[in-house]
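Working notes, beginning with the structure itself.
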Amino acid sequence: MTDALEAWREFHVAMLGATAALAGLVIVAASVNIDKIVLARSLTARLAAAIAGLVLAIVTSGIALIPGLSSAWFGALVLIVTVIAAAFQVHAARTLRKDRGHGSIAARAGLGFLPLAAYAVAGALLLSGLSSGLVLAAAGSLIAIVVAIVISWIALVEVLR
């Protein structure tokens with residue numbers, strides 16, 4: 001499995017840099033209107049969950065770059081960081097449930113669970129010794145980027161309404 005993980009090295013290097021840069025941009029963009037964002041609990045929770053998704057992608061890519069890491073260890077660590085990131089998304093979903101905003105709660109909250117689902121399945125597959133989990137971990141990184149961009153855009157547009 002170490003060889004399979006090694007084959008993904010360049011992908012993880014690129015994802016580590018890209019997601020770290022995007023996380024910084026999201027934080028800077030949010031900080032411009034932070035006084036308005038913190039007044040809307042659902043926006044704060046959603047942005048925190050989006051950033052947690054990016055941090056999940058950063059940490060997972062960083063873990064993947066550890067030399068000699070076994071599939072079992074990689075899978076276990078992916079699951080651990082996914083659970084931590086999921087706590088932010090669960091909090092955001094609960095906050096959205098209390099908020100009477102636009103659109104269905106399932107649609108607004110469900111988007112943030114997509115990268116978490118990919119990472120959870122990836123971790124389970126890797127823990128089971130199936131290298132197909134590497135593809136799902138890569139998908140989780142890409143989905144985390146898309147979700148973070150969409151949620152950040154929505155939050156920034158809503159705060160300016």
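In terms of modelled atom types and a separation under 3.5 Å, the side chain of S42 and the main chain of T95 share no donor-acceptor contact.
Residue pairs meeting the ring pair (Phe, Tyr, Trp, His ring centres under 6.0 Å) criterion with at least one partner in residues 127-152, sequence neighbours excluded, do not occur; the list is empty.
Transitive grouping of hydrophobic side chains (ILVMFWY, heavy atoms separated by less than 4.5 Å) keeps L127 and L134 in distinct clusters. The same ILVMFWY cluster, assembled from side-chain heavy atoms under 4.5 Å apart, contains both I84 and L77. Connection of I66 to F74 is established within a shared hydrophobic cluster, with ILVMFWY side chains joined at heavy-atom distances below 4.5 Å, either directly or through further cluster members. Under the 4.5 Å side-chain heavy-atom criterion for Ile, Leu, Val, Met, Phe, Trp and Tyr, F88 and I34 are members of distinct hydrophobic clusters. Cluster membership for I145 and W153, using ILVMFWY side-chain heavy atoms within less than 4.5 angstrom, is not shared.
The CG atom of L96 lies 11.0 Å from the CZ atom of R41; values are rounded to the nearest 0.5 Å. Between the OG atom of S152 and the CD1 atom of I27 there is a distance of 9.5 Å, given to the nearest 0.5 Å. Rounding to the nearest 0.5 angstrom, the gap separating the CD1 atom in I51 from the CG atom in L22 is 9.5 Å. For the atom pair L79 CG and L126 CG, the distance stands at 8.5 Å (nearest 0.5 Å). Between R46 atom CZ and Q89 atom CD the span is 8.5 Å, to the nearest 0.5 Å. Remark: L65 CG to T60 OG1 distance equals 11.0 Å, nearest 0.5 Å.
Contact between L69 and I63 at its shortest, heavy atoms only, is CD2-O, 3.4 Å. Heavy-atom minimum distance, V147 versus L111: CG2-O, 3.6 Å. Listed here is the closest heavy atom pair of L43 and A155: CD2-CA, 3.7 Å. The two residues S132 and L125 make their nearest non-hydrogen contact at OG-CD1, 3.8 Å. The shortest heavy-atom contact between I151 and A50 is CG2-CB, 3.9 Å. Between L16 and I58, the shortest heavy-atom contact is CD1-O, 3.2 Å.
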F113/V90 under side-chain contact (heavy atoms from CB on, under 4.5 Å): CA gap, chis, key distance, verdict: CA-CA 9 Å; F113 286 103; V90 168; 4.1 Å; yes
Residues L142, V146; criterion side-chain contact (heavy atoms from CB on, under 4.5 Å); working and verdict: CA-CA 6 Å; L142 297 171; V146 171; 5.8 Å; no
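The side-chain heavy atoms of L56 and L116, taken from C-beta on, include a pair separated by under 4.5 Å. Looking at T19 and V55, their side chains never come closer than 4.5 Å, going by heavy atoms from C-beta outward.
Remark: S141 engages Y119 in a side-chain hydrogen bond (donor to acceptor under 3.5 Å, both in side chains) (not counting sequence neighbours).
Between H12 and W8, the ring planes lie tilted relative to each other; the angle falls in the 30° to 60° range.
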